Amino acid sequence: MDDEQTFSLSYAQITAITEQYIRECIRNAGNAGSREEAITETDWASLDHWLLLARACGAAERTVAEDRQRMVDLIWCYPSEEDQ
């Protein structure tokens, strides 16, 4: 990139975008054969990416930890094979 561009997103925007992406991955995984297949690497990759951005923007560690746990719970909410 020759022309550096600067933009900003708030912590809330980064978190909302990540949650939306995780929900989309879960929706797209509806045809997966098992829970493990449904919980894809993209879910974890998006969460890891969010975590790096959240820390880089200087968000409070307690807030980051609480929001990360909420998103982990969201990822693991995909019903088990017994519940399907």
Side-chain angles (χ1 to χ4, degrees):
M1 278 177 74
D2 293 334
D3 296 327
E4 183 177 323
Q5 294 181 351
T6 303
F7 64 95
S8 64
L9 293 171
S10 70
Y11 176 83
Q13 289 171 307
I14 291 169
T15 302
I17 290 166
T18 303
E19 287 184 17
Q20 180 181 3
Y21 183 73
I22 290 170
R23 289 179 197 282
E24 184 178 322
C25 289
I26 291 169
R27 228 181 358 265
N28 292 340
N31 295 326
S34 70
R35 178 186 178 121
E36 287 71 28
E37 289 176 24
I39 301 171
T40 64
E41 286 296 319
T42 55
D43 296 332
W44 294 111
S46 62
L47 183 57
D48 289 344
H49 186 247
W50 166 83
L51 183 61
L52 292 172
L53 291 173
R55 287 183 174 157
C57 77
E61 191 59 38
R62 180 176 178 181
T63 301
V64 170
E66 290 170 356
D67 287 342
R68 183 184 183 282
Q69 185 59 55
R70 187 181 70 253
M71 286 189 266
V72 167
D73 293 344
L74 175 63
I75 291 170
W76 283 101
C77 78
Y78 189 81
S80 68
E81 291 170 10
E82 295 95 33
D83 294 337
Q84 289 185 8

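This one's a predicted model, so the numbers in the text were calculated from it and none came from an experiment. Computed from heavy atoms alone, side chains included, the values below leave out hydrogens, waters and symmetry copies.
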Which atom pair, heavy atoms only, marks the closest approach of Trp44 to Val72?
CZ3-CG2, 4.1 Å

Kindly compute the distance separating CG (Leu53) from CG (Asp48), expressed to the nearest 0.5 Å.
11.0 Å

Shortest non-hydrogen pair, Ala59 vs Val64, comes out as CB-CG2, 3.6 Å

Student check: side-chain heavy atoms of His49 and Thr18 closer than 4.5 Å
no

Do you reckon Leu74 sits in the same ILVMFWY cluster as Tyr21, going by side-chain contacts under 4.5 Å, direct or chained?
no

Min side-chain heavy-atom separation Glu19-Asp67 under 4.5 Å:
no

Going from CH2 on Trp50 to OG1 on Thr15, what distance comes out if it is rounded to the nearest 0.5 angstrom?
5.0 Å

Audit row: Glu66, Arg62, salt bridge (charged side-chain N to carboxylate O under 4.0 Å, His left out) steps and yes/no
CA-CA 6 Å; Glu66 290 170 356; Arg62 180 176 178 181; 3.0 Å; yes

Can you tell me how far apart CD1 (Ile75) and CD1 (Ile22) are? Round to the nearest 0.5 Å.
4.0 Å

